[in-house]
Colleague: 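The structure under discussion is supplied below as structure tokens; questions concerning it will follow.
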Amino acid sequence: MEEIRKNPTSLIKATFQQAIDTLAADYQGSSLTDIFIVVDKESGEVAFYDDEENKVGEIVVFDWVNKVDELEDEEVISILRDVTTQLDDEDMFSSLDLYKPFSVNYSDDSFSVIEELLLINEDSIVKIDNDLMEKFDREFDEFLDKLLKE
């Protein structure tokens with residue numbers, strides 16, 4: 001247990017699993033379309049919300065409270081994406097009554113999406129990755145250049 005307290009990834013993952021279990025058992029909406037993850041860097045609170053903005057889980061990452069000035073969104077996004085990917089690889093989202101497309105989003109406290117961490121569309125899963133988007137952008141630019149030269 002001591003190790004989990006020191007490792008933000010493990011702590012967030014365990015809380016996210018509990019939030020998924022809560023949603024699987026108690027979700028009151030018709031079909032779940034989004035999970036929002038809101039991080040308050042000053043308090044270290046990581047909160048999980050359903051698509052009707054009901055809090056379904058929360059944890060305080062005390063390690064982040066001490067690093068509030070150093071903690072960048074990119075680091076938070078990286079940790080949240082790792083956790084989301086691990087849970088997806090473990091097929092944790094299959095226990096939910098999802099309406100597709102379904103997404104897991106890192107959001108601010110007004111639920112404006114900062115970063116989409118996972119998108120499940122129909123029976124295929126599309127993982128949003130900056131490298132993938134950059135590759136598509138490069139390939140599109142190359143295609144466009146080639147097309148315009150002809």
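What you see is a predicted model; the values in this text were computed from it and never measured.
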Colleague: Taking only residues two or more places apart in sequence or in another chain, which ones pass side chain to side chain contact (heavy atoms under 4.5 Å, CB included) with L147?
Modeller: F143
Colleague: Checking T33 now: which residues fulfil side chain to side chain contact (heavy atoms under 4.5 Å, CB included) with it, not counting sequence neighbours?
Modeller: D51, Y99
Colleague: Please name all residues satisfying salt bridge (charged side-chain N to carboxylate O under 4.0 Å, His left out) with E72, sequence neighbours left out, ordered by chain then number.
Modeller: none
Colleague: Please list, chain by chain and in numerical order, all residues satisfying side chain to side chain donor-acceptor pair (under 3.5 Å) with D108, sequence neighbours excluded.
Modeller: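 If we apply the side chain to side chain donor-acceptor pair (under 3.5 Å) test to D108, skipping adjacent residues, the hits are S110.
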Colleague: Is it the case that one hydrophobic cluster holds both V76 and V38, taking links as side-chain heavy atoms less than 4.5 Å apart, direct or via other members?
Modeller: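 No.
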Colleague: Could you tell me whether a side-chain N or O of R81 sits under 3.5 Å from a main-chain N or O of E116, the two making a donor and an acceptor?
Modeller: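 Side chain of R81 to backbone of E116: a pair is present.
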Colleague: For the CG atom of D82 and the CD atom of Q86, what is their distance to the nearest 0.5 Å?
Modeller: 6.5 Å
Colleague: Which value, rounded to the nearest 0.5 Å, describes the distance between L117 atom CG and I37 atom CD1?
Modeller: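 Rounded to the nearest 0.5 Å, the CG-CD1 separation comes out at 5.5 Å.
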Colleague: Please identify each residue that fulfils side chain to side chain donor-acceptor pair (under 3.5 Å) with E53, with sequence neighbours left out.
Modeller: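 E53 satisfies side chain to side chain donor-acceptor pair (under 3.5 Å) with no residue once adjacent residues are dropped.
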Colleague: Can you spot which of L87, T85, D88 makes a side-chain contact (heavy atoms from CB on, under 4.5 Å) with L118?
Modeller: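 Among L87, T85, D88, the one that satisfies the side-chain contact (heavy atoms from CB on, under 4.5 Å) with L118 is D88.
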Colleague: Please lay out, stage by stage, how F102 and N121 fare under the test side chain to side chain contact (heavy atoms under 4.5 Å, CB included).
Modeller: CA-CA 6 Å; F102 166 80; N121 192 6; over 6 Å; no
Colleague: Give, for atom CG of L32 and atom CD of E52, the distance between the pair rounded to the nearest 0.5 Å.
Modeller: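 CD of E52 is found 9.0 Å from CG of L32.
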Colleague: Working note: N54 + Y49, criterion side chain to side chain contact (heavy atoms under 4.5 Å, CB included); need CA distance, chi angles, decisive distance, verdict.
Modeller: CA-CA 5 Å; N54 299 308; Y49 294 86; 5.8 Å; no
Colleague: With ILVMFWY side chains joined below 4.5 Å, transitively, what does V65's cluster contain besides itself?
Modeller: none
Colleague: Between V46 and T15, is the side chain to side chain contact (heavy atoms under 4.5 Å, CB included) condition met? List the steps.
Modeller: CA-CA 9 Å; V46 179; T15 305; over 6 Å; no
Colleague: Determine whether M92 and K13 make a side-chain contact, defined as any pair of heavy atoms from C-beta on separated by less than 4.5 Å.
Modeller: no
Colleague: Do you know which two heavy atoms are closest between S43 and V60, and how far apart they sit?
Modeller: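 Heavy atoms of S43 and V60 come nearest at O-CG1, 3.4 Å.
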Colleague: What's the spacing between D50 CG and L96 CG if we round to 0.5 Å?
Modeller: 10.5 Å
Colleague: By the definition side-chain contact (heavy atoms from CB on, under 4.5 Å), identify the one residue from L119, D34, I120 that meets it with P101.
Modeller: L119
Colleague: Please list, one pair per line, the donor and acceptor atoms closer than 3.5 Å that link side chains of residues 18-25 to other protein atoms, with sequence neighbours excluded.
Modeller:
unit_1 : atom_1 : unit_2 : atom_2 : d
T22    : OG1    : Q18    : O      : 2.9

Colleague: Could you grab the distance from atom CG of L11 to atom CH2 of W64, nearest 0.5 Å is fine?
Modeller: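 Those atoms lie 9.0 Å apart.
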Colleague: Give a yes or no answer on whether the side chain of S78 reaches the backbone of E74 with a donor-acceptor pair at less than 3.5 Å.
Modeller: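 Not a single qualifying donor-acceptor pair exists.
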Colleague: Can you list the residues that meet the ring-ring contact (aromatic ring centres under 6.0 Å, His included) rule with F48, with sequence neighbours excluded?
Modeller: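 With neighbours one apart ignored, the set is F16.
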Colleague: Test of understanding: with side chain to side chain contact (heavy atoms under 4.5 Å, CB included), list the residues that count as partners of V113, not counting sequence neighbours.
Modeller: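 Here the qualifying residues are F36, N105, S107.
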Colleague: What distance separates K146 NZ from D141 CG, expressed to the nearest 0.5 Å?
Modeller: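 Here the interatomic distance stands at 14.5 Å.
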Colleague: For Q17, enumerate each residue passing the side chain to side chain donor-acceptor pair (under 3.5 Å) test, keeping only those at least two apart in sequence or located in another chain.
Modeller: none
Colleague: Return each pair, listed once, that meets salt bridge (charged side-chain N to carboxylate O under 4.0 Å, His left out) where at least one residue sits in residues 35-49; pairs must be two or more places apart or across chains.
Modeller: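 Found K41-D73, E45-K55.
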Colleague: List in chain and number order the residues that pass side chain to side chain contact (heavy atoms under 4.5 Å, CB included) with E70, two or more places apart in sequence or in another chain; answer none if no residue qualifies.
Modeller: K67
